[in-house]
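Here's the structure, in structure tokens; my notes come after.
Whatever order the structure lists ligands and atoms in, that order sets their numbers, starting from 1. Start at 1 with the first residue, then count along the sequence.
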Amino acid sequence: MQGIKKAVRTLVLIALAGVIAFTVYNLFFFKPKVVGLEQLEKLPKRKDITLTVTPRNYVDLITVTAYQGPREVILFRGGLPERTNQITFRVEPKEIGLRDGPARIVVEVRRFYVLRESFEVQAIVDTEPPRVRIIYAPYVVRQGGSGAVRVKASEEVDLYVEVGEVRFRSYRVSEDNVHIAFFGVPPDTPVREVIKVVAVDRAGNRTVIPLGTGIRRNRFRRVTIDLTRREKLIRTKIYSLLGGNLEEMDFVTAFRKVNEELRRRDEERIREIGRRSKPERLWKGSFIQMPGSKVLSYYGEKRTYIYKGKVVSRSRHLGYDLASVRNSRVPAANSGIVVFAGDLGIYGNTVIIDHGFGVMSLYAHLADFKVREGERVKKGQIIGITDMTGLAFGDHLHFSILIDGYEVTPLEWWDPKWVRMRIEPVFSD
Ligand SMILES: [Zn+2]
């Protein structure tokens, strides 16, 4: 009996020593880290800050204090909430007596009531939102059309034009924060939509002002396309676009997959390419239309696809279809740099030329390329030959202008007067 008692006591002692050793080890060798401190570097008018403390073991108090001159303000004081190692607090510098300018912020993590670790951040308090003055903006833009603005900001900002859900970036063109931006109006934008200029300064203060540009209604044609007549050709096209393995997929399902899913995927890809524009003007004068071409299909057209008398799919056509003789030579609509020359799904063999400041031109369904990515091209230079690659049912060129990767009508860009009146002003003070 004595022996057992002794053994138990020894075991308890060993366990206790283990726990103490483990605790000491944790306390001294696993010092807590604070993740997210960089959020404190820039303090705008109002900011929600989330800090993560790892590991959370034994942490019983977190104190965040701001020091500025003789001032000392507590931004947060408390423990970690249960089951999380994050704290969130709001900072409103003006409300707590901090002035614009530098401040020092100290985050202190206390463990076991006595052990303290502190982390220091040099912060800039900036509660002044940027001021924005519009130097040039068009009076009105059409649904599906384009506009250009010249804007001056009071400090360094990220500035963009917002049309509904879509943001068009701007480019800073001078030391004193003059920006220019091109924007498009997606064809289904309501005419009551307010186009806005949004400027966000380095601290995160945001200024939003209405651009004051109205949106004019544009009438888009409705076209019905009967797939029944051309089923054989379309079948070949869609099955090759889907990559073949479709024995069990019926014609309508396959067509919808191509016309809807692949279309979305390819438009997404064009947007991604559209973001690679150079911050300089690479073009001059109006854009040119493929010579001797006839318009087969207009921008904005609402297409309804019918198969054996039933509506099976819909889409919006976002370019001009231009046809001439078979395998016509396609000229660059304006000078620029080729940003894409390759296969682009339903667009087939496609060339995209960057003209700078977010403006690009797109040439789809080509047979072959006469240019390579990265190559500089001059206005009128032959870049390819028309064909019917991708989801095209006849030889033609699908042409459109992109702004930040969004297709807009090229009609305006083909018009020298429009370019002179609506675009040129943004390039002069
Ligand atoms: Zn087209």
Side-chain angles (χ1 to χ4, degrees), residues 143-146 184 186-188 218-227 230 233-234 236-238 240-241 255-256 258-271 273-274 287-306 313-333 340-353 360-369 383-403 405-414:
Q143 288 170 324
S146 315
D188 46 10
N218 203 347
R219 298 215 175 276
F220 300 109
R221 287 157 204 253
R222 283 168 196 279
V223 175
T224 303
I225 297 169
D226 193 349
L227 305 175
R230 286 175 280 194
L233 166 67
I234 299 166
T236 318
K237 292 240 153 204
I238 57 179
S240 86
L241 280 165
F255 179 78
R256 292 186 56 171
V258 168
N259 196 45
E260 294 163 30
E261 277 173 45
L262 296 199
R263 185 180 296 277
R264 261 198 303 279
R265 177 201 68 187
D266 298 338
E267 283 173 358
E268 213 32 69
R269 194 134 169 245
I270 292 172
R271 284 194 194 139
I273 296 165
F287 286 58
I288 52 172
Q289 186 180 338
M290 185 166 72
S293 64
K294 192 173 141 248
V295 177
L296 283 187
S297 167
Y298 295 82
Y299 176 90
E301 230 174 59
K302 290 175 182 168
R303 292 179 170 174
T304 303
Y305 300 85
I306 291 185
S313 186
R314 291 176 202 278
S315 70
R316 173 84 87 162
H317 186 239
L318 296 172
Y320 263 67
D321 286 349
L322 304 169
S324 176
V325 289
R326 254 190 111 120
N327 299 134
S328 296
R329 285 142 46 98
V330 178
F340 182 85
D343 174 41
L344 219 158
I346 68 166
Y347 289 81
N349 291 330
T350 302
V351 169
I352 300 178
I353 300 174
M360 297 186 181
S361 52
L362 175 146
Y363 314 77
H365 309 310
L366 302 174
D368 201 2
F369 314 114
I383 55 156
I385 301 293
T386 64
D387 197 349
M388 51 185 288
T389 55
L391 193 62
F393 308 147
D395 185 302
H396 75 275
L397 170 71
H398 173 97
F399 177 75
S400 68
I401 297 286
L402 306 174
I403 297 184
Y406 284 87
E407 289 176 282
V408 293
T409 181
L411 197 62
E412 296 172 332
W413 296 85
W414 283 329

Which N/O/S atom belongs to Asp321 and is the closest one to the Zn ion (ligand 1)? OD1
Quick check: does any side chain N or O of Thr304 sit under 3.5 Å from a backbone N or O of Thr224, one acting as donor and the other as acceptor? no
Under 2.8 Å from the Zn ion (ligand 1), is there any N, O or S atom belonging to His396? no
Separation of Leu362 CG from Phe399 CZ (nearest 0.5 Å): 8.5 Å
Give a yes/no answer: is there an N/O/S atom of His398 under 2.8 Å from the Zn ion (ligand 1)? yes
CD1/Ile225 to CD1/Ile306 distance, rounded to the nearest 0.5 angstrom? 10.0 Å
Once rounded to the nearest 0.5 Å, what's the spacing between atom NE2 of His398 and atom CE of Met388? 15.5 Å
